[in-house]
Amino acid sequence: MKKTVQELLLVENTQLNHDNFKLVLQASTPLPEMFPGQFVNVEIKKATEIFLRRPFSILDVDYSNNTFSLLVKILGRGSKVLTTYQAGDKISVIFPLGSRFTFPKENDQVLLVGGGSGVAPMLFLAKTCGLKPENVHVLIGARSIRDHVDVESYKPYGNYYFTTEDGSLGEKGFVTHHPVFSDQLGSFDKIYTCGPDLMMKAVAKAAAEKQVFCEASLENMMACGFGVCLCCVEKTVDGNQCVCTDGPVFNINKLTW
Amino acid sequence: MKKTVQELLLVENTQLNHDNFKLVLQASTPLPEMFPGQFVNVEIKKATEIFLRRPFSILDVDYSNNTFSLLVKILGRGSKVLTTYQAGDKISVIFPLGSRFTFPKENDQVLLVGGGSGVAPMLFLAKTCGLKPENVHVLIGARSIRDHVDVESYKPYGNYYFTTEDGSLGEKGFVTHHPVFSDQLGSFDKIYTCGPDLMMKAVAKAAAEKQVFCEASLENMMACGFGVCLCCVEKTVDGNQCVCTDGPVFNINKLTW
Amino acid sequence: MVDLSVRIKDLLFKNPVLTASGTCGFGEEIADFIDLTRLGGVVMKGTTLNPRQGNDYPRMAETPSGMLNAVGLQNKGVDNFIQNIYPNIRDIDSNFIVNVNGSTIEEYVELTERINELDKIPAIELNISCPNVKEGGMAFGVSCPSAEAVVRAVRSVYDKPLIVKLSPNVTDISEIAKAVEGQGADSVSLVNTFLGMVVDANSRMPVLSTITGGLSGPAIKPIALRMVWQVYNAVKIPVIGMGGIMNATDAIEFLIAGASAVQVGTAIFIDPTIPVQIVDGIQNYLEINNIQSVSELTGSLQI
Amino acid sequence: MVDLSVRIKDLLFKNPVLTASGTCGFGEEIADFIDLTRLGGVVMKGTTLNPRQGNDYPRMAETPSGMLNAVGLQNKGVDNFIQNIYPNIRDIDSNFIVNVNGSTIEEYVELTERINELDKIPAIELNISCPNVKEGGMAFGVSCPSAEAVVRAVRSVYDKPLIVKLSPNVTDISEIAKAVEGQGADSVSLVNTFLGMVVDANSRMPVLSTITGGLSGPAIKPIALRMVWQVYNAVKIPVIGMGGIMNATDAIEFLIAGASAVQVGTAIFIDPTIPVQIVDGIQNYLEINNIQSVSELTGSLQI
Ligand SMILES: Cc1cc2nc3c(=O)[nH]c(=O)nc-3n(C[C@H](O)[C@H](O)[C@H](O)COP(=O)(O)OP(=O)(O)OC[C@H]3O[C@@H](n4cnc5c(N)ncnc54)[C@H](O)[C@@H]3O)c2cc1C
Ligand SMILES: Cc1cc2nc3c(=O)[nH]c(=O)nc-3n(C[C@H](O)[C@H](O)[C@H](O)COP(=O)(O)OP(=O)(O)OC[C@H]3O[C@@H](n4cnc5c(N)ncnc54)[C@H](O)[C@@H]3O)c2cc1C
Ligand SMILES: Cc1cc2nc3c(=O)[nH]c(=O)nc-3n(C[C@H](O)[C@H](O)[C@H](O)COP(=O)(O)O)c2cc1C
Ligand SMILES: Cc1cc2nc3c(=O)[nH]c(=O)nc-3n(C[C@H](O)[C@H](O)[C@H](O)COP(=O)(O)O)c2cc1C
Ligand code: FES
Ligand code: FES
């Protein structure tokens, strides 16, 4: 998978909730194969004082149309401006970047735990991991129902569970409070997680305790995204590693959390 | 005329030729009175690495709609990005700025000489100077017909003459080669000019020779536009003066050209 | 109500936001846009003993997130200031500070003495860091002995608060700060502009008539902030921070890094209402964070 | 055909565009994006005698038109370089230059000796200007005596082209340049990053784990350009210019101001194809302007 810098065409920008948008980008040539966990690095030109690119996970790929999509959550200046782009705009993107989740084995029971901007790779993994839907369990946490991203189109690929901090959707509390997590964790063969640091650390800790295979996709701040700046490092048992090339997906045994 | 910083609404952006656009901006409150020669300073946010505002002359004002218009010619980065703004966009503008042309006396015969980005104040002056149309003579120079800005809607306010360097519209050559200029200059009571430095200097020289009253509107580079940075200075017989506050309109006797 | 006031020696500022010299004229020029009495202070355009025409046009170049200027202290001299400006500003309820410049120590001293006679000028800012003049200016501010010499001479004729404005074009700004503190400066303000240059690739000429000019604006903010922090840790007198402040968050960062007050410069060119927006923004920040007094922010960096 | 080649001592560069140390790994990392043989040279990631883990995360902060980094010379040490990197790059047709770092003069010398054994490393860049390490680094580069001492020691064991990379965090960079020229440096490259700082107003903490870091990118371009011009006017050895170069026009400005070659750093993070675009852009500029050889541009500033 050769990395490239390409000017892509924004073909769709759909607002999903108050601060989440789905952007669909089209290449003029066939896309390389891209996998859950991988990300792209997006240039945001329509703004003063945004200098670096911003990384976003791949949410989905449609090879037949040369398109892929991103789930963009407004966090700060860059993500905010990006969500104002309109169909027809050109956007420079570097892709595909980073490592991928280890796909499960046939008949594995897997739990995917996502939150915040970490929902995208979980949905993409659910869709493409190759398991029967009944073996795929996706747990999504949000602050409140208004922060929840509708996952209707991903429902065919797994079972969905929700938590919200205020109880407005699904169980009240954090993802770790959901019965599928708190009661059944040991029954999964593999756990995958992406989201806020605190969430991932809680998931990793519980997985480690139950000795379940667990991979987390980190979102460290990046300057380049392709392994030259050494800014995105995470401490691992093998020393500092680059989240953008050695990761973003790490087996939790590698991490020093 | 108090200067203000306001967020204005772009209500129209019309492409006039390959590199000229007319932008119409609307205020939410009544506009102050604004005069030919005066300008506004526009913030251009939808671009990386444009830091300062960009000054543009007032092309026209419609007090009943709280709108005024600008004629924007693409010169560099800022003007280019500005012309991509769309109706509905908000733009921060500081206005009104600078000095105004001295209005002619009743029955004066006046010649207005404009070129390049200097056409706007000439059209505004023709429209608002209060003379009978037959006393107003507007001479506009361009490189070629494709650089020419259609002035149809200003035709009722005066007589129009054109020069192009390649002869594709009107007389071939510079404005100074047009008969209305070369033959009749002495017959005018007042001459007004705005445009490229070289053009204005040639006009000023001829006017001085014939001892005709002449005002030029300068376009020195500006940082602030309201007299605090002292960056826009022009040498005058009274020392360095600020084009943004002492000008942009200067009587040519004041200038050291 | 939170307390926004700060003190430099015995001079009270109603809030820590001042406008920077050379970017707000004498205050009057921005009175259309803001109520000057809302500002902690106004540091007026650099003044010299005799009138100066400044440098030739072009004096300005835009740069990424900043600008170069080479104004070169254009001003009408101290007599004009006393006769034509001072009467207009003397009764405005804010601190109008004169930015004092000279080509020689004698000029600095003589100008200071003239300003000293003006009751309603509560302080001076001694500019030993202008990069745009051939004589004096920055030359005084880049070595300890010369900085000490000017400050000593001016201190001997001036009893009101003496702020010394430092140049960032030095290896170790905290050494210079300590040197001027040692000569009795009541405060240091930093930074003045960085010496920079812009070339036009087409004409192969410098853009500025003076070849080099002074860089200001957000581009320099990270360097200025670092310098404020270093100087704060080196001296006991209050530090006035500036360099690329565009909004309240920027200003708060300078306070946290060690500034007792801030100056807003180039931002005024972009929007002259920014200084007042910053006053409001700081107040808001204090309220949200339950901080009683802005002075608690100064040097509150957690490391 | 215009001639893009430049020479530093007896080393030929096919064109004046190099990638800057710490921004292109060892070249291989950007080989997906560009053909490395199109580059004049690749200055590889800063190398030390022993492996270094570098500083803690966070090591990076975006700033207006720039960024701070505090990587702190993370690298696997010279042995790893010789065993695992050198074999991959030795036959690529470009100049792969090692950026040499040490905490002590002895370390600089020992590392240089190791690199000297590598046939296909045609030159070293001696980094006496890294602002992100506690020992050595910038400390050597901000005073003439210490800069002279390192260069003298390294020169005595190294006969190939020796480029010395200077720090901009000094009062007078031309003094440092003259000092290292006096010790036999074949070229100076400048600038390394400016010491800066970013504070998070909410947490009231520095953003970088190291408090301060090195500022790079377009923000620093006007200052870097001024320094290149000053150094060009002060020394006889060729100057390699860098600091915020984002496109061919920027690069040409550095050449005009006095650089014989340029390095492209932070721009690579934005678009790794920029260095090659710059090669093409310079060629295009020469053709349009009827200039035979890029070396005619060097120092061609009309003043
Ligand atoms: C590999 C990877 C994949 C990602 N995938 C997605 C995705 O699919 N969808 C999505 O919405 N977001 C994703 N993110 C996060 C996204 O990159 C950030 O939200 C975005 O860069 C924020 O930019 P901004 O300009 O809006 O925020 P800024 O204005 O730059 O920053 C706002 C605040 O957020 C902090 N911040 C910025 N970026 C990060 C970060 N990466 N980690 C922690 N704090 C940060 C800043 O320090 C600042 O305090 C991903 C990040 C990485 C590294
Ligand atoms: C009082 C005043 C009134 C103006 N009225 C109009 C108007 O009605 N319509 C219009 O189209 N333009 C007008 N201009 C000119 C307009 O401001 C510039 O074209 C614009 O600022 C260029 O910005 P840019 O970002 O596109 O160019 P940049 O990318 O900033 O610059 C491109 C090139 O043009 C040069 N340049 C930029 N601005 C100026 C300038 N003001 N004078 C000389 N050279 C310059 C730069 O040095 C550079 O070489 C006016 C200028 C002034 C001062
Ligand atoms: C156009 C201009 C003129 C300036 N004139 C002066 C001056 O006369 N005296 C002075 O001490 N500083 C002067 N400065 C420096 C500013 O006061 C301030 O130190 C510097 O611009 C950094 O702050 P900023 O980035 O907020 O502008 C000037 C700056 C600019 C941009
Ligand atoms: C992330 C990063 C790492 C760097 N590492 C090194 C290094 O190891 N050795 C070195 O001499 N310079 C290093 N530099 C400095 C660059 O080589 C260059 O001097 C500086 O960034 C200015 O150029 P630029 O603005 O084009 O990036 C580094 C710069 C960055 C941004
Ligand atoms: S972001 Fe540059 S190495 Fe990972
Ligand atoms: S542009 Fe600032 S004084 Fe005229």
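Just so it is clear: chains get the letters A, B, ... in the order the sequence lines come, proteins before strands, and each one is counted from 1.
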Are there donor-acceptor atom pairs under 3.5 Å between chain B and chain C, and if so which?
residue: B:Lys3; atom: N; partner: C:Asp32; partner atom: OD2; Å: 2.7
residue: B:Phe51; atom: N; partner: C:Glu62; partner atom: OE2; Å: 2.8
residue: B:Leu52; atom: N; partner: C:Glu62; partner atom: OE2; Å: 2.7
residue: B:Arg53; atom: NE; partner: C:Ile270; partner atom: O; Å: 2.5
residue: B:Arg53; atom: NH2; partner: C:Ile270; partner atom: O; Å: 2.8
residue: B:Arg54; atom: NH1; partner: C:Glu62; partner atom: OE2; Å: 3.2
residue: B:Arg54; atom: NH2; partner: C:Glu62; partner atom: OE1; Å: 2.8
residue: B:Arg77; atom: NH2; partner: C:Glu62; partner atom: OE1; Å: 2.7
residue: B:Met221; atom: N; partner: C:Tyr57; partner atom: OH; Å: 2.7
residue: B:Leu230; atom: O; partner: C:Arg59; partner atom: NH1; Å: 2.7
residue: B:Lys235; atom: NZ; partner: C:Asp56; partner atom: OD1; Å: 3.2
residue: B:Asn240; atom: N; partner: C:Gln53; partner atom: OE1; Å: 2.7
residue: B:Asn240; atom: ND2; partner: C:Gln53; partner atom: O; Å: 2.7
residue: B:Asn240; atom: ND2; partner: C:Gln53; partner atom: OE1; Å: 3.4

Name the member of B:Gly225, B:Ala223, B:Gly227, B:Cys232 that forms the most heavy-atom pairs with chain C at distances under 4.5 Å.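 The option with the most such pairs is B:Ala223.
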
Quick one: closest heavy-atom pair of [X] and [Y], and the distance?
X        : Y        : result
B:Phe51  : C:Gly217 : CZ-CA, 4.4 Å
B:Ile94  : C:Ile270 : CD1-O, 4.1 Å
B:Cys231 : C:Val71  : SG-CG2, 4.1 Å

Residues in salt bridge (Lys or Arg N to Asp or Glu O under 4.0 Å) with B:Asp62, at least two apart? none

Which residues pass the salt bridge (Lys or Arg N to Asp or Glu O under 4.0 Å) test with B:Lys22, not counting sequence neighbours? none

Would the B:Phe226 and C:Phe33 ring centres measure less than 6.0 Å apart? yes

Partner set under side-chain hydrogen bond (donor to acceptor under 3.5 Å, both in side chains) for B:Asp147, not counting sequence neighbours: B:His18

The interface call for C:Met44 against chain B, heavy-atom contacts under 4.5 Å, is neither

